[in-house]
Amino acid sequence: MANQGAKRQVENNRKKLQLLQQLIFAVTAIYALVRLGVFYKSSATRHYVLLTLASTVHFACYSFIKGQAEPTYENGELQHGGSDLDLKGSLPYYAVEVIYCLALLQILTALLSDKFWWLLLALPGWGLWLLWQYVLQPYFFSPSPEGVQETAVERRKREKLERKQNKVKYSKGRR
């Protein structure tokens with residue numbers, strides 16, 4: 001019973017990976033059939049290059065997600081159910097988002113217009129924005145510990161907490 005959460009996580013990850021795999025295959029097949037099959041007269045080298053690029057990004061993201069979702073076993077017993085793929089702010093979550101965005105772009109490009117491939121340039125921009133927001137900005141603009149002045153109230157609270165932690169506690173024994 002102690003591993004129910006881990007077992008549930010393994011099952012959720014398995015379902016999510018299966019959904020992503022089906023999505024990737026369906027979108028790639030639709031793009032290939034429509035753009036390279038039905039509209040074969042208007043297909044050019046760029047269509048093959050973009051299909052190869054999209055397939056490479058799908059494969060890379062899916063492989064990363066699959067590695068993160070891998071459960072760990074010790075002596076045949078489940079220890080960890082793998083990373084939560086739906087946890088906002090985690091790398092697997094963003095990789096899933098990349099797969100969804102790329103799938104949408106492939107469908108729009110196959111059915112409507114080649115101009116939707118230009119939206120593919122938004123993905124590296126989004127990645128740079130996330131890098132800035134979560135890594136670079138906190139690193140460069142966080143206040144240094146030495147430069148922060150503590151107020152008198154904060155100092156008294158800190159000292160009180162330190163005294164409380166340093167106090168020796170005795171427990172009563174059984175009589």
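None of the values given here were measured: they were computed from a predicted structure.
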- Item | Remaining members of hydrophobic cluster (4.5 Å side-chain criterion), Trp118 | Leu121

- Item | Verify same cluster id: Leu19, Phe25 (apolar side-chain graph, 4.5 Å) | no

- Rounded distance (nearest 0.5 Å) linking atom CD1 of Ile99 with atom CD of Gln21: 10.5 Å

- Task: Kindly state each residue pair satisfying ring-ring contact (aromatic ring centres under 6.0 Å, His included) with at least one member in residues 81-106, sequence neighbours excluded.
- Result: Tyr94-Trp126

- Item | Residues forming a salt bridge (Lys or Arg N to Asp or Glu O under 4.0 Å) with Arg156, sequence neighbours excluded | none

- Message: Can you tell me how far apart CG (Asp84) and CD (Gln9) are? Round to the nearest 0.5 Å.
- Response: 4.5 Å

Which pairs would a plain distance check flag for residues 58-67, meaning a side-chain donor or acceptor within less than 3.5 Å of a matching protein atom at least two apart in sequence or in another chain?
{"unit_1": "His58", "atom_1": "NE2", "unit_2": "Gln106", "atom_2": "OE1", "d": "2.9"}
{"unit_1": "Ser63", "atom_1": "OG", "unit_2": "Phe59", "atom_2": "O", "d": "2.8"}

- At their closest point, which heavy atom of Leu123 faces which heavy atom of Cys101, and how far apart are they? CD2-CB, 3.9 Å

- Pairwise distance OG1(Thr109) to CG(Leu119) - rounded to 0.5 angstrom: 8.0 Å

- Minimal heavy-atom distance between Ala110 and Val34, with the atoms involved, is O-CG1, 3.2 Å

- Query: Do other residues, nucleotides or ligands put more than 12 heavy atoms under 6.0 Å from the CZ atom of Arg8?
  - Reply: no

- Under 4.5 Å between side-chain heavy atoms, hopping through other hydrophobics if needed: is there a path connecting Trp129 to Leu120? yes

- Task: Answer whether the closest heavy-atom distance between the side chains of Ser55 and Thr28 falls below 4.5 Å.
- Result: yes

- Query: Mind checking whether Leu51 and Val49 sit in one hydrophobic cluster, side chains of I, L, V, M, F, W, Y counted as touching below 4.5 Å?
  - Reply: no

- Message: Return the CD1 to CD1 distance between Ile107 and Ile30, rounded to the nearest 0.5 Å.
- Response: 4.0 Å

- Item | Gap between atom CG of Leu111 and atom CG of Leu108 - 0.5 Å precision | 7.5 Å

- Selection residues 9-26 - residue pairs positive for salt bridge (Lys or Arg N to Asp or Glu O under 4.0 Å), sequence neighbours left out: Glu11-Arg14, Lys16-Asp86

- Note on the structure: CG of Asn13 to CD of Gln18, rounded to nearest 0.5 Å, is 12.5 Å

- Message: Check this for me, if you would: do Glu154 and Arg158 make a salt bridge, where the nitrogen-to-carboxylate-oxygen distance has to be below 4.0 angstrom?
- Response: no

- Task: Go through the structure and list residues passing side chain to side chain contact (heavy atoms under 4.5 Å, CB included) with Leu50, not counting sequence neighbours.
- Result: Leu53, Trp117

- Query: Any side-chain heavy atom of Leu102 sitting closer than 4.5 Å to one from Val27?
  - Reply: no

